[in-house]
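Scope of the values below: all heavy atoms of this structure, side chains included, with no hydrogens, waters or symmetry mates. Predicted, not measured: the structure shown is a model, and the values here were computed from it.
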Amino acid sequence: MQPTPFFKQATPREIRVMRLCVAANMLVIACCAVYLVRHFVAADMGWRSLLAALLAGYFVADFSSGVVHWVIDTWLDERALGRGIAITREHHTHPEHVDGYGFLEYASLGSAPSALFFGPVFAVTACFPVSATTYALVMMWFVSSLCLLFGMTFHNLAHRPARSAIMRLAQRLHLVCPVAHHWGHHHDTTVHYCVVNGWANYPCDGLNVWRSLERAITAVTGRVPRADEAEWLRRLTDAGARRSTPQLMVAVADD
C-alpha cells in the first residue's frame, strides 16, 4: 500500500501556480520544437553533429536538474516556496513517499526554473541568423527544457528497481540515473544532485563545484548553506513517527 504523503493536499492557488509553471515550460518546448522543424534544412547539420548536440543537451539537462536540486536543498525553505520545498524535503526523510504526488507537482518543480532560464535563452538564440551553431544550441535548450518537465519523473525512477527490462538496461547504461548512483545522495545530501542521468555528477562532485559555489555565495551574502537542515530533518522525522499531517502542516506554516 502506497504511504500517504504529508503534503498531498494543494490549495487552489498552489494548483494555479503549478499549472502556470508547467504551461510556461511547455510553451518553451513548443517554440524550440517549431524552430528545429522549421530550420532543419537551412541548418544543414550532419547526423554526427545532430547526435553530438542531442548528447550535449542531455548533459546540460542533467546539470540543470542538479542546479535546481542544489538550490532547493541548500538555499530555499518553505517560507520561500512553500509546499514545493516541503515536498522535496519530505523525500529525504521519507523516500517511500516519492510516488505519492501527481504529475503536476513534480512537473512544476523543474518547469518553473526551466521556463525562467531556457525561455529567455531560446529567445536570444532565435534572434541570430540560422546556422549549425544556433540550431545545435536550440536543440540543447529543447532537450534540457523537455527533460526538466519530466525531471522528477527521472528522479523517481532512481528510487526503485525498474520493472521494465528496457528501463533496467537504460539505467545500466547510465542513460537514466541508476538507483545505486542516486542513493549516494541520500547517504550524503551534499553530493549527486543531478538526477536525469547522473553524467554531470562526476565533474560537479569531482571538481567540488557545489562547495565552491557555496563558499562564494557565503562570502558575498553571508548566508549559510543548509542553515535549517537539522531543524527540518527533525520536524519531518518526528512527523513520520506521529503520522500527524495537520500538526505538521501547521508547524511548517508557522516556520
Side-chain angles (χ1 to χ4, degrees), residues 5-7 10 14 17-18 20-22 24-25 60-95 97-118 144-145 147-159 177 181-198 200-201 204-205 209-218 221 223-237 239 248-249 252-253 255:
F6 296 137
F7 308 99
E14 288 169 338
V17 170
M18 289 188 293
L20 177 62
C21 293
V22 173
N25 192 36
V60 172
D62 189 50
F63 176 71
S64 300
S65 74
V67 172
V68 173
H69 195 169
W70 168 72
V71 169
I72 289 175
D73 280 7
T74 308
W75 302 110
L76 301 182
D77 57 28
E78 290 91 336
R79 288 168 294 187
L81 291 178
R83 181 169 174 264
I85 301 300
I87 290 173
T88 59
R89 287 181 162 183
E90 176 190 4
H91 110 275
H92 283 107
T93 58
H94 297 81
H97 291 184
V98 76
D99 290 322
Y101 294 99
F103 173 76
L104 188 61
E105 279 89 356
Y106 289 138
S108 60
L109 285 171
S111 288
S114 175
L116 288 171
F117 180 77
F118 290 113
S144 298
S145 55
C147 286
L148 284 181
L149 176 66
F150 296 99
M152 286 301 293
T153 302
F154 282 100
H155 167 266
N156 294 354
L157 288 171
H159 267 251
C177 191
H181 182 82
H182 175 64
W183 276 92
H185 176 71
H186 284 267
H187 291 295
D188 179 358
T189 57
T190 65
V191 298
H192 285 202
Y193 288 106
C194 307
V195 295
V196 171
N197 49 49
N201 283 322
C204 287
D205 293 337
V209 169
W210 312 119
R211 302 295 81 74
S212 298
L213 288 172
E214 288 166 12
R215 285 192 293 268
I217 291 172
T218 299
T221 68
R223 292 194 61 188
V224 177
R226 293 171 293 280
D228 66 338
E229 185 173 58
E231 171 58 25
W232 68 256
L233 281 171
R234 180 196 60 77
R235 187 170 67 247
L236 287 175
T237 302
L248 175 65
M249 294 300 290
V252 169
D255 286 345

Aromatic plane relationship, H159 with H182 - under 30° parallel, 30 to 60° tilted, over 60° perpendicular: tilted
Under 3.5 Å donor-acceptor, S108 side chain and E105 backbone: yes
Where Y193 and V195 come nearest, the two heavy atoms and their spacing: O-CG1, 3.4 Å
T218 versus P225, closest heavy-atom pair with distance: OG1-CD, 3.5 Å
Non-hydrogen atoms of L149 and S111 that approach each other most closely: CD1-OG, 3.3 Å
From W70 atom CH2 to W75 atom CH2, the distance as rounded to the nearest 0.5 Å: 6.0 Å
Distance in Å, M152 CE paired with H155 NE2, rounded so as to fall on 0.5 Å steps: 5.0 Å
Side-chain heavy-atom pair F63, C204 within 4.5 angstrom cut-off: yes
Nearest heavy atoms of C194 and W210, plus distance in Å: SG-CZ2, 4.2 Å
Pair listing, salt bridge (charged side-chain N to carboxylate O under 4.0 Å, His left out) test, anchored in residues 107-117, at least two apart: none
Nearest non-hydrogen partners of A61 and V196, listed with the distance: O-CG2, 3.9 Å
Under the salt bridge (Lys or Arg N to Asp or Glu O under 4.0 Å) test, residues paired with R211 that sit two or more places apart: E214
Partners passing side-chain contact (heavy atoms from CB on, under 4.5 Å) against P113 (at least two apart in sequence or in another chain): V68
side-chain contact (heavy atoms from CB on, under 4.5 Å) against V60, all qualifying residues, sequence neighbours excluded: S64, F118, M140, S144
L104 side, atom CG; L109 side, atom CG - distance, nearest 0.5 Å: 9.5 Å
Exercise: identify the closest heavy-atom pair between N25 and S114: OD1-OG, 2.6 Å
Sequence-distant partners of F117, side-chain contact (heavy atoms from CB on, under 4.5 Å), two or more places apart: V121
side-chain hydrogen bond (donor to acceptor under 3.5 Å, both in side chains) partners of R215, counting only residues at least two apart: S212
Non-hydrogen side-chain atoms of S65 and D62 separated by less than 4.5 Å: yes
Counterpart residues, ring pair (Phe, Tyr, Trp, His ring centres under 6.0 Å), relative to H192 (two or more places apart): H181
V191: partners by side-chain contact (heavy atoms from CB on, under 4.5 Å), with sequence neighbours left out: D188, D205
R223 side chain to I217 backbone, donor-acceptor under 3.5 Å: no
